[in-house]
Structure formats: C-alpha cells, structure tokens
Amino acid sequence: MPNFTFEVTKTCAQTGARLGVLHTPHGDIHTPVYMPVGTAATVKAMTPRELMEIGAEIILSNTYHLHLRPGEDLIREAGGLHQFMAWPKPILTDSGGFQVFSLSGIRKIKEEGVTFQSHLDGSRRFISPEVSMDIQHALGSDIMMAFDVCTAYPCDHATAKDAMERTHRWAARCKAHHAKAPSADTQALFGIVQGAFFNDLRIESAKVLADMDFIGYGIGGLSVGEPKPIMYDMLETIMPYMPGNKPRYLMGVGSPDCLVEGVMRGVDMFDCVLATRIARNGTCFTRAGRLVIKNAKYARDFGPIEEDCDCYACRNFSRAYIRHLFKAGEITGARLASIHNLRFLLRLMEDVRAAITEDRFGDFRKAFFDKYDLSRNF
RNA sequence: GGAUGGGUUCCCGAGUGGCCAAAGGGAGCAGACUGUAAAUCUGCCGUCGCAGACUUCGAUGGUUCGAAUCCAUCCCCAUCCA
C-alpha cells in the first residue's frame with residue numbers, strides 16, 4: 001500500500017528510541033507524534049487554523065459519536081470528514097471500541113457486535129466490526145482503527161483472554177470488510193493489541209495481529225486506571241513482538257511524562273483527551289508539572305503560564321488574566337488553556353524528535369524528569 | 001407625621017416555638033480528570049475540634065423547660081399616604 005509507507009528514519013544511539021515518517025494521502029506525519037483529539041469533529045475549543053498554527057499534523061475523531069450525530073451519511077454528503085470540519089491534514093478515527101468500554105453501563109456485547117443505547121437519546125444502536133468499517137469509510141479518515149474490546153483494570157485472566165480473542169476475530173472481520181471497500185487503498189486500517197495486564201496474552205495478541213499484517217498497530221487497553229509502572233512494563237513486554245517496520249500507537253496516552261516514557265519504549269503515536277479536557281477545567285501543563293491556573297495564588301501573577309512557551313496564550317496573556325477568564329466563566333479561558341496545553345505536547349514531541357535525531361534522547365529524558373514534578377501529576 | 005411590609009450565616013433567599021449552625025441558589029476555596037456521555041464532576045464553605053463543645057438569625061430586655069421563630073421598646077430599610 002504505497003499510500004501509507006512508514007519509514008523509521010533514525011534510531012537514537014543513546015536509547016534506541018525511534019524517529020519516523022508515516023506518509024498518508026493528506027500529508028506526512030512525523031513520529032513520535034501526539035495527536036489532538038476531536039471526538040465530535042472538532043478539537044474542543046480549537047479551530048483548524050489554530051491547530052495548524054501550533055503544529056498539529058494529525059487529529060483524532062470518533063466513529064461512535066459521529067455515527068450518532070450528525071450521522072456518517074451527512075458527513076459523506078458533505079464531502080467527507082476532512083471537508084466537513086475544514087481540516088486538510090490527516091485524520092485518525094477511533095472505531096467506537098473505546099465506547100464499548102467507557103459506556104459499559106449502556107451497552108451489550110455479543111459476538112456479532114455491540115448494542116449501545118445512545119447516550120444522547122437512549123435509542124438502541126448496533127455497531128459491529130463491519131458497521132464500524134462502513135462508518136469510517138463514510139467519514140473518509142486516513143487511519144481507521146479496528147473495532148476492539150477494551151478491558152478495565154483490574155481484569156481477571158479469563159475475561160481478558162475472552163476480550164482479546166474476540167478482538168482478534170473482530171480484527172479479521174474488519175480487515176476482510178475493509179479489503180472490499182473502494183477506499184481500501186486510501187484508508188489505512190490499524191489493528192489493536194489487547195490482553196489487559198497479562199504478559200502471555202499481550203504477547204499472544206501482538207503476535208496474532210502481526211501475522212494479520214496491518215498497516216499499523218494500536219496498543220489498547222492501557223492507561224485505564226493502572227499504576228504507570230504497570231503500563232510501562234506492559235509496553236516493554238510487548239514491544240519485541242510488535243513489527244519493527246510498522247507504526248505503534250499507544251491509545252489514550254497521555255500526560256507529558258507518559259509520552260516521554262512511551263517514546264523511550266518504542267511508541268510512535270499517542271493521542272489523549274487529557275490536554276484539552278484539563279485545559280477546559282482550568283489546569284495547564286508546564287515543564288515543571290501541572291499548574292492549576294484557576295487557583296487563587298495566581299490572581300496577581302502577571303507572568304505567562306510558562307515563561308519560555310511559544311504559544312499564543314503565553315506570548316500575550318498573563319496567568320492573572322487567564323485565571324480571571326476562568327473565574328468569570330469566559331470561554332476564552334478554556335480556549336487559551338487548550339491552545340497552551342496542545343502546543344505544550346506538540347512542542348514536547350518536537351523536542352523529543354530533535355533529541356532522537358541528535359542521539360541524545362537519554363539526556364533529554366533525564367533533563368525532563370529532573371525538572372518535572374511527578375508528585376502532583378495526572 | 002401616618003400606614004404597611006421587612007431586617008437570617010460573604011450575597012440572594014427559605015425558615016414563624018424543639019427534628020436549626022439554620023433549606024436552596026450564588027460567590028469563594030480546594031480536588032479529580034489519560035482511544036471525551038466532561039466549558040464536567042466531587043468536596044469544603046460560623047468557630048475550635050475525633051466525638052463533641054461553643055458563639056450566631058438588626059439591638060436590648062422579656063415570656064418559655066426550650067426562641068431565628070412569641071411579646072415590649074428601640075434602631076434601620078422599602079413602598080404608599082399626608
């Protein structure tokens with residue numbers, strides 16, 4: 001599939017962390033990459049122009065949410081998701097698999113697929129691997145995710161095995177269904193490794209999916225409440241079994257420290273709602289750790305969120321002003337904090353890529369954690 | 001000058017004899033947030049403390065076993081009449 005070649009362009013001599021480029025029909029993605037999340041066809045509080053300005057190369061959207069509203073037919077009629085939301089760069093769509101997990105109270109899983117009760121109006125909706133593919137075809141995303149079954153933490157071995165095996169069967173169905181689509185060559189399909197927190201299952205899942213030869217691989221079912229060292233251990237366990245010439249996408253991660261640690265362990269792609277969600281709730285990332293901008297101690301702090309940040313918010317506005325906006329309930333507060341947090345992660349990844357290029361990612365990582373306060377982290 | 005209605009914890013506002021440190025909002029303070037059911041949610045919000053104790057409902061005095069609630073006087077506020 002020439003539309004989606006992935007090249008590992010450099011491996012850090014110090015750490016083995018890798019640098020790459022994923023070519024897509026809507027442009028190149030330089031990895032390791034952080035992908036802002038735009039579930040409902042918008043990265044909340046951000047315009048596409050602003051996303052371009054802060055250096056986003058690819059964003060995420062969601063099958064389940066867009067299926068419910070406005071519906072994939074409408075988006076197809078609009079010319080596809082890129083045109084509908086006026087975002088010309090690559091888009092990755094999640095399959096709805098995560099909603100199988102996060103909406104566990106209002107869905108039922110069977111072998112054929114999952115019946116959801118819409119969180120919007122309670123109506124019953126059915127999503128199967130085939131339906132998920134069809135919806136993602138209508139959306140026209142560059143990268144489609146297989147419809148998987150994500151498990152919670154903790155999770156017993158039998159349940160994890162069950163979910164993993166179903167994920168594999170569903171991955172095969174996704175692949176078969178996608179192969180028949182007109183867009184089979186212009187939309188890439190990623191498989192998703194599951195297996196909860198069991199080494200044997202994770203390794204098995206990585207192997208099974210590798211044999212199925214996907215364009216790239218999601219690592220799902222992590223960052224679901226487990227302690228970080230457990231997640232890091234899982235990454236180390238499976239990475240030797242992940243195809244070296246395919247992009248590896250750690251789904252739903254994460255915080256600044258998790259990104260650095262993920263890259264250290266061979267992850268190429270990340271996405272996370274954390275940056276934009278905590279931004280709307282009044283918390284900012286900084287290289288020193290979290291900064292709760294709405295706290296009273298910043299009422300008369302006329303410096304920027306972060307002194308050496310190059311984002312629009314930091315170049316023009318003070319902590320005192322942004323705090324005021326939050327206290328006043330003004331949406332500009334959420335917008336400025338979102339711009340900052342996204343730019344923070346995108347810039348962190350730019351710095352990570354530069355460090356790998358120069359064979360000093362180990363030094364970079366050490367300097368990062370020397371400065372970053374983990375005691376009040378996410 | 002007269003009539004009527006009022007004065008409740010930072011603000012608004014419920015409460016008309018015990019179940020009241022006093023509903024409910026708001027404001028304030030803090031916390032949570034990781035493939036987004038989130039511009040959301042949670043906690044605290046008289047004082048000291050574990051329990052519990054203590055001081056509060058315009059002021060003063062009274063009735064009562066018991067008062068934010070009843071009575072008296074006074075001080076303020078609002079509206080209306082002169």
Side-chain angles (χ1 to χ4, degrees), chain A residues 34-46 58-66 68-69 92-107 116-122 125 132 136 141 143-151 153 167 190 192-194 216-228 231 249-259 261-262 267 269-285 290 292-299 323 325-338 341 345 376-378:
Chain A
Y34 165 73
M35 308 181 280
V37 180
T39 302
T42 174
V43 176
K44 294 185 191 298
M46 299 286 291
I58 172 174
I59 62 171
L60 227 74
S61 200
N62 188 284
T63 296
Y64 167 82
H65 296 266
L66 295 180
L68 292 188
R69 184 170 60 191
L92 181 153
T93 43
D94 189 24
S95 60
F98 187 70
Q99 280 63 47
V100 175
F101 166 73
S102 67
L103 300 177
S104 62
I106 52 173
R107 55 81 175 138
F116 292 92
Q117 256 191 291
S118 163
H119 70 277
L120 298 175
D121 64 6
R125 305 303 180 108
S132 178
Q136 294 184 74
S141 51
I143 300 173
M144 308 165 46
M145 297 306 296
F147 192 57
D148 64 329
V149 182
C150 181
T151 46
Y153 174 84
T167 293
F190 280 27
I192 301 177
V193 174
Q194 288 291 348
Y217 291 91
I219 301 163
L222 294 181
S223 198
V224 289
E226 76 282 10
K228 289 179 184 181
M231 178 174 84
Y249 161 30
L250 177 55
M251 306 182 77
V253 174
S255 55
D257 53 313
C258 286
L259 295 191
E261 292 300 71
V267 175
M269 304 166 69
F270 303 85
D271 81 282
C272 195
V273 305
L274 187 67
T276 44
R277 179 180 289 170
I278 65 172
R280 291 191 305 284
N281 295 332
T283 298
C284 297
F285 292 138
R290 89 159 58 191
V292 183
I293 193 68
K294 64 184 176 185
N295 279 178
K297 60 183 168 183
Y298 301 117
R323 172 182 136 88
L325 294 178
F326 270 100
K327 301 310 289 182
E330 290 290 340
I331 56 178
T332 303
R335 284 181 31 69
L336 293 175
S338 295
N341 279 358
L345 292 185
R376 274 193 76 230
N377 197 30
F378 305 93

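First the proteins, then the strands, lettered A, B, ... as listed; each starts at 1.
Distance A:Tyr153 OH to B:U34 P: 16 Å, rounded to the nearest Å. As a whole-Å value, the separation of A:Leu345 CG from B:U34 C1' is 11 Å. In this entry the distance linking CG of A:Asn377 with C1' of B:C33 reads 12 Å, nearest Å. Remark: C1' of B:G31 and CZ of A:Phe326 are 16 Å apart, rounded to the nearest angstrom. Between A:Phe285 atom CZ and B:U34 atom P there is a gap of 11 Å when expressed in whole angstrom units.
Every residue two or more places apart in sequence or in another chain that forms a side-chain contact (heavy atoms from CB on, under 4.5 Å) with A:Arg277 is listed here: A:Val273, A:Arg280, A:Asn281. A search for side-chain contact (heavy atoms from CB on, under 4.5 Å) contacts involving A:Ser141 returns A:Ile91, A:Thr93, A:Gln136, A:Met144, A:Gln187, not counting sequence neighbours.
Residue-level contact check: A:Arg69 touches neither bases nor backbone, having no heavy atom under 4.0 Å from any strand. When heavy atoms are screened at a 4.0 angstrom cut-off, A:Thr283 is found touching base atoms of the nucleic acid. Across all strands shown, A:Arg323 has heavy atoms under 4.0 Å from sugar-phosphate atoms exclusively, and none from any base.
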Any chance you could list the contact pattern along nucleotides 35-42 of chain B? Use B for base contacts, S for sugar-phosphate-only contacts and - for none, protein heavy atoms under 4.0 Å, 5' to 3'.
BBBBBB--
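Of all non-hydrogen atoms in A:Ile143 and A:Ile58, the two that sit nearest each other are CD1-CD1, 4.1 Å. Here the closest non-hydrogen pair linking A:Ser95 and A:Asp148 is OG-OD1, 3.9 Å.
Going from the P atom of B:A27 to that of B:A82 covers 45 Å, rounded to whole Å. B:G66 and B:G18 are spaced 6 Å apart, taking the C1' atom of each and rounding to whole Å. Using C1' as the reference atom, B:U4 and B:G52 are 46 Å apart when rounded to the nearest Å. Comparing the P positions of B:A23 and B:C57 gives a spacing of 16 Å, expressed to the nearest Å. Rounded to the nearest Å, the gap between the C1' atom of B:G5 and that of B:C19 is 30 Å. One C1' atom belongs to B:U79, the other to B:C70, and the distance between them is 27 Å to the nearest Å. A gap of 41 Å separates the C1' atoms of B:G46 and B:U36, to the nearest Å. Separation of the C1' atoms belonging to B:U56 and B:A67 is 13 Å when rounded to the nearest angstrom.
Judged by distance alone, with hydrogens and angles left aside, the side-chain atoms of A:Tyr34 form a donor-acceptor pair with the main-chain N or O of A:Cys272 at under 3.5 Å. Between the A:Arg290 side chain and the A:Arg376 main chain, a donor and an acceptor come within less than 3.5 Å of each other. In this structure, A:Thr63 contributes its side chain and A:Asp94 its backbone to a donor-acceptor pair below 3.5 Å.
Applying the Watson-Crick and G-U wobble criteria (two distances, each under 3.5 Å), B:C48 pairs with B:G52. In a base pair of the Watson-Crick type (N1 to N3 plus N6-O4 or O6-N4) or a G-U wobble (N1-O2 and O6-N3), with each distance short of 3.5 Å, B:U36 is matched with no nucleotide. For B:U69, there is no paired nucleotide, since no Watson-Crick or G-U wobble pair has both relevant distances below 3.5 Å. Under the Watson-Crick and G-U wobble criteria, each requiring two contacts below 3.5 Å, nucleotide B:C20 is left unpaired. Across all strands shown, the partner of B:A78 is B:U4, judged by Watson-Crick or G-U wobble contacts whose two distances both fall under 3.5 Å.
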Does the side chain to side chain contact (heavy atoms under 4.5 Å, CB included) test come out yes or no for A:Met251 and A:Met145, once each step is laid out?
CA-CA 10 Å; A:Met251 306 182 77; A:Met145 297 306 296; 3.7 Å; yes
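Looking at A:Asp271, A:Val267, A:Ile219 one by one, the single match for side chain to side chain contact (heavy atoms under 4.5 Å, CB included) with A:Tyr249 turns out to be A:Asp271.
A syn base is found at B:A37: its glycosidic angle is within 90° of 0.
Looking at which nucleotide of RNA chain B each of A:Phe378 and A:Val292 is closest to, the 5′-most match is held by A:Val292.
Put simply, A:Asn295 has a side-chain N or O that comes within less than 4.0 Å of OP1 or OP2 on B:G31.
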